[in-house]
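The block underneath contains the structure these notes are about, expressed in structure tokens.
The sequence lines fix the lettering, A, B, ..., with proteins before strands; numbering per chain opens at 1.
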Amino acid sequence: MPNNEMPKAYESKLYEDEIYAAWEKSGFFNPDNLAGEPYSIMMPPPNVTGVLHLGHALENALMDAMARYQRLNGKKVLLVPGTDHAALPTQAKVEKMLMEGGMKNPRQELGRDKLVEKIREFAEASRSTILGQIKKMGTSCDWSRLAYTFDDSRNIAVNELFRRLYNDGLIYRGYRVVNWSTKGQSTCSDDEIEYIERASVLYTFKYSKDFPITIATTRPETKLGDTAVAVHPGDERYQKYIGQTFVVDVGAEKPLEIKVIADEGVDPTFGTGALGVTPAHSQVDFLMYEKQKVSGNPIGMIQVVGIDGKMTKEAGSYAGLTVEEARAKFVGWLSTQGLLEKEPEEIVQNVGTHSRYKDVIEVLPMTQWWLDVQKVIPSKGKSLHDLMAEALTTGLDGDASKKVTITPERFTKLYLARVANLRDWCLSRQTWWGHRIPVWYRGEETFVGNGSPEGDGWEQDPDTLDTWFSSGSWTFSTLGWPEKTVDLQAFHPTSWMQMGYEILYLWLMRMVLMSTYALGEIPFKDAYIHGMLRNESGKKFSKSDANGIDPLDIIEKYGCDALRLCVLSGNTPGNDSRFSVEKIESSRNFVNKMWNISRFILMSVGDTTSSNSVAPTTVADHWILGRLETVTNQTGKLIEQFDFSLAIETLREFIWNDFADWYLEIAKIQQKDEALKTSTNEILLYVLKQSLILCHPFMPFVSEAIWKEFGTGSFVMVEKWPKVNGFFDEASEKQLVALQELIIAIRNVRSQYKIEPKKLMDVVFVVNEASREFIELNREVIAALARVNADFVLVEKYEAAASDMSVVLKDVTVFVKMETVVDAEKEKVRVEKEIAELTSYLESVAQKLSNEEFRSKAPEKIIAQMEEKQREAQEKLKKLST
RNA sequence: GGGCGGCUAGCUCAGCUGGUUAGAGCACUUGCAUGACAUGCAAGGGGUCAGAGGUUCAAAUCCUCUGCCGCCCACCA
């Protein structure tokens with residue numbers, strides 16, 4: 001039954017929560033209640049470090065648009081919701097809050113259990129906020145399968161993965177240099193380092209007077225731990241020293257033994273061509289240390305900086321000083337000894353900082369747990385590194401169906417470059433929040449497994465796992481792995497994944513690693529990489545700055561659909577985009593337009609129980625149904641190409657321009673004609689319903705709210721995506737366009753000569769064979785839309801009066817009768833301008849067409865097109881000239 | 001040091017597997033309370049597609065170089 005009570009404007013607040021609840025209750029978020037081919041998306045789990053921001057709104061809009069589109073296409077869609085415990089970041093966040101609350105050292109003051117409890121409280125609060133926000137965003141996820149990277153099932157998956165990797169010899173415990181955050185008192189992986197540009201001072205000096213080689217460094221204090229100087233093997237200046245060991249006094253109580261070694265990696269043309277080697281405090285130098293060891297010509301390793309960021313007792317008289325104090329002291333000593341070879345030089349340097357604790361990373365040697373990415377996996381005959389590369393190139397085992405495709409493609413290159421340079425992954429963290437390393441020790445014994453071992457005296461490793469270890473298994477841990485579940489069988493590999501480019505290395509790479517290793521499967525077939533949302537002036541939204549916008553505020557004010565449209569429009573793969581008030585208003589207006597189109601149709605049609613079959617009669621009928629078909633095809637194709645922005649633009653243009661501005665206006669005239677009324681109403685309903693389905697992936701709430709007005713009790717959410725119906729026909733499209741041009745041209749005259757909108761103008765149409773019937777057929781429509789008297793005459797010849805204005809079109813010339821003679825001069829200028837434009841256009845066309853090479857080389861279709869245009873322009877010019 | 005992306009209407013961005021007289025939204029100008037919508041309707045104005053070369057019958061679109069802006073990577077001590 002029609003509802004005449006629909007409010008004039010769509011008020012999102014009145015509908016959204018109720019509709020979401022109804023969707024949930026319907027059970028259609030759960031694929032078990034759907035039929036068809038499985039389609040799965042795993043939601044990138046938001047970190048419980050805080051609440052959701054606009055970036056998450058974008059992600060939810062992307063995922064949900066895809067999920068809803070696939071559901072409408074009859075797929076058995078699974079969208080798994082979840083959150084990430086974000087081990088170190090969450091602990092860092094809570095510690096920061098505690099410290100802001102007055103605590104000096106939360107770890108010391110609270111102890112492990114109490115601090116973990118505090119973090120858990122924070123995480124749980126954050127988690128429940130986040131889950132509520134996801135619902136507010138309208139995301140159609142299956143809440144019965146809700147997952148958390150830190151819940152029991154995921155813990156089992158994590159431990160099992162660790163156990164398998166350990167048994168395959170890929171996870172090992174080793175003493176190597178690590179990236180160390182003094183502030184966070186923990187290691188971090190290479191991927192968690194953020195490089196920042198910083199002013200620094202380069203010192204060039206000799207260790208002692210009798211040492212023959214000059215070196216340079218920005219970290220003089222670490223030179224107290226030097227054990228070698230490396231030179232290029234071919235460097236003639238230093239060749240004679242290679243292999244020699246010098247004992248040098250650096251004024252730190254303990255003399256250093258410096259061996260001169262040869263290394264191909266040293267650039268003889270850079271600086272002094274010699275490199276002081278500090279194995280304990282440099283990644284590169286450590287590699288040299290390892291290389292020397294293997295070659296049977298070992299060098300020493302001295303750790304002079306400790307985990308507290310202070311000099312160790314190995315640094316002799318420097319022990320206990322901070323690195324800055326030690327640097328000043330050592331540089332002072334060098335200076336008084338006259339060892340500085342030249343003035344300290346101010347340079348700009350990239351320095352690695354911890355992404356969460358923000359302090360400068362110290363490189364230190366420690367015993368930690370590592371994942372070897374190069375070692376050959378016994379059962380596979382290749383390394384993790386090989387698997388990661390294969391999955392993005394040839395497909396796993398050369399099987400193209402097991403290939404991950406990234407959109408946009410350029411990120412594939414970035415990924416592969418990174419994989420090529422991958423070092424072993426440091427897995428253990430000294431922070432307390434996270435999956436505890438599943439390893440137990442008892443004396444010399446080590447136990448690795450799922451759950452503590454039998455017997456007394458076992459102690460579990462105190463460290464926790466890098467948080468990305470658990471997120472890496474997300475695509476399958478969410479499906480019940482390591483059990484061979486029905487879900488795993490049906491939904492893995494997942495169908496589609498979307499994420500921001502900033503976690504390409506951190507996450508995408510690790511998902512590929514885990515999935516290819518554990519399942520021999522890719523984690524997903526397609527990965528869509530989106531850019532970052534920035535504020536109006538192009539700045540990054542950041543939590544600390546005040547420019548953060550809460551998506552919930554936006555939803556409250558403009559509605560969820562508007563927010564979704566806003567973040568998706570103008571957003572192309574891999575590129576950042578901006579969020580602005582103007583943009584969200586524009587989106588909100590479109591939502592409201594949809595509402596009002598529906599309001600008009602529901603109010604004017606009466607019986608809304610459409611038969612779903614239509615019988616087009618008029619040109620406009622044929623045209624709108626044809627357009628609907630074209631747009632249906634285009635939209636589907638665009639979504640499948642992940643071009644959401646263009647899909648929305650296509651829909652907007654159809655719904656607003658074609659359907660609302662033209663068809664609805666024409667329909668109003670047709671509704672007055674008893675013979676056309678029924679068929680027109682059927683078409684209005686049909687096009688509206690199909691449009692609601694097309695829009696549903698992007699504006700789920702308003703489409704569902706309107707659908708409800710039909711009173712069928714069904715959900716648009718589980719309707720069928722429109723099928724090609726065979727209505728498109730080119731002739732109708734051309735005719736309608738001609739009709740539009742005619743009406744616009746007459747309106748233009750009114751506008752230009754300031755004729756009152758209400759006044760019906762008198763016109764005469766000069767027609768030819770081709771146009772007479774067409775004009776006659778559309779007499780009513782032309783009269784109403786151009787606001788001219790409907791009794792206009794059609795003639796073949798017309799003697800224009802001085803006061804007549806003429807409008808020249810392809811097969812028809814319209815004379816608008818004016819009350820007085822208009823400014824003849826002005827009109828002459830207008831016509832002359834038009835003639836001039838046409839003439840110059842014709843010239844350029846003629847030039848092309850007379851070009852022999854164009855005629856011989858261009859495709860026939862192009863030539864024909866151009867000739868057609870030439871004919872049209874010539875005809876128009878001829879008429880204008882008379 | 002290497003690599004990548006961007007530079008198109010006042011603003012935000014499409015178009016870029018070469019071929020419509022280059023598009024959209026917002027903003028702007030003019031007019032309009034028309035009975036779906038002023039969160040609207042109608043009619044308009046506005047761009048030598050960063051610059052310079054080149055390839056081609058034809059370039060915003062392909063190639064080269066330059067200039068800004070931004071991002072990523074790297075063991076330059």
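Under the side chain to side chain contact (heavy atoms under 4.5 Å, CB included) criterion, A:Glu556 pairs with A:Lys13, sequence neighbours left out. Residues passing the side chain to side chain contact (heavy atoms under 4.5 Å, CB included) test with A:Ala705, sequence neighbours excluded: A:Tyr10, A:Tyr15, A:Ile19, A:Trp595. For A:Glu860, there are no salt bridge (charged side-chain N to carboxylate O under 4.0 Å, His left out) partners two or more places apart in sequence or in a different chain. Remark: A:Glu852 engages no residue in a salt bridge (charged side-chain N to carboxylate O under 4.0 Å, His left out) (not counting sequence neighbours).
Looking at which nucleotide of RNA chain B each of A:Asn748 and A:Glu536 is closest to, the 5′-most match is held by A:Glu536.
Each salt bridge (Lys or Arg N to Asp or Glu O under 4.0 Å) pair with one or both residues in residues 578-591 of chain A, not counting sequence neighbours, would appear here, but there are none. For the salt bridge (Lys or Arg N to Asp or Glu O under 4.0 Å) condition, no pair includes a residue of residues 407-416 of chain A, sequence neighbours left out. Applying the salt bridge (Lys or Arg N to Asp or Glu O under 4.0 Å) test to pairs two or more places apart or on separate chains, those with a residue in residues 565-577 of chain A are A:Arg534-A:Asp576. Screening residues 657-669 of chain A for salt bridge (Lys or Arg N to Asp or Glu O under 4.0 Å) gives A:Arg627-A:Asp658, A:Glu665-A:Lys668 as the qualifying pairs, with residues at least two apart or on separate chains.
Within the nucleic acid shown, A:Arg747 comes within 4.0 Å of sugar-phosphate atoms alone, with no base atom in reach, counting heavy atoms only. Looking at heavy-atom distances under 4.0 Å, A:Thr572 makes contact with sugar-phosphate atoms alone, never a base.
Side chains of A:Thr572 and A:Asn575: a donor on one and an acceptor on the other come within 3.5 Å. Side chains of A:Asn571 and A:Ser645: no donor on one and acceptor on the other come within 3.5 Å.
Distance noted for atom P between B:C16 and B:A50: 16 Å (whole Å). Comparing the P positions of B:C57 and B:C76 gives an interatomic distance of 48 Å, to the nearest angstrom. Nucleotides B:C63 and B:A59 are separated by 15 Å at their P atoms, to the nearest Å. Between the C1' atoms of B:C13 and B:G6, the separation comes to 12 Å (whole Å). B:G10 and B:G45: their C1' atoms are spaced 13 Å apart (whole Å).
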| task | Summarise how protein sits on nucleotides 71-77 of chain B as a single string, 5' to 3': B when a protein heavy atom is under 4.0 Å from the base, S for sugar-phosphate-only contact, - for no contact. | result | -SSBBBB

| message | At under 4.0 Å between heavy atoms, how does the protein contact nucleotides 24-38 of chain B? Give one character per nucleotide, 5' to 3', with B, S or -. | response | -SS---S-S---BBS

Protein N or O to nucleotides 55-59 of chain B N or O, pairs below 3.5 Å:
unit_1	atom_1	unit_2	atom_2	d
B:C57	OP1	A:Lys857	NZ	2.1
B:C57	O2'	A:Asn851	ND2	3.4

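The aromatic rings of A:Phe205 and A:Phe330 lie perpendicular to each other, with more than 60° between the two planes, well past the 30° mark.
Between the C1' atom of B:C69 and the NZ atom of A:Lys539 lies a distance of 14 Å, rounded to the nearest Å. Between A:Lys759 atom NZ and B:A42 atom C1' there is a gap of 18 Å when expressed in whole angstrom units. Rounded to whole Å, the distance from CG on A:Leu849 to C1' on B:U20 is 14 Å.
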| note | Pairing string of RNA chain B (Watson-Crick or G-U wobble, both atom distances under 3.5 Å; | = paired to other strand) is ((((((((.[[[[.)...(...]]]].(((((.......))))).....[[[[[..)....]]]]])))))))....

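Not a single donor-acceptor pair, N or O on each side, falls under 3.5 Å between the base of B:U12 and the side chain of A:Arg578.
Relative to the six-membered ring of A:Tyr207, A:Lys223 misses at least one condition, a distance below 6.0 Å or an angle of at most 45° to the axis.
We find that A:Glu867 and A:Arg855 are joined by a salt bridge, their nearest charged nitrogen and carboxylate oxygen being less than 4.0 Å apart.
Checked against the 6.0 Å centroid criterion, the rings of A:Tyr501 and A:Tyr415 do not qualify as a close aromatic pair.
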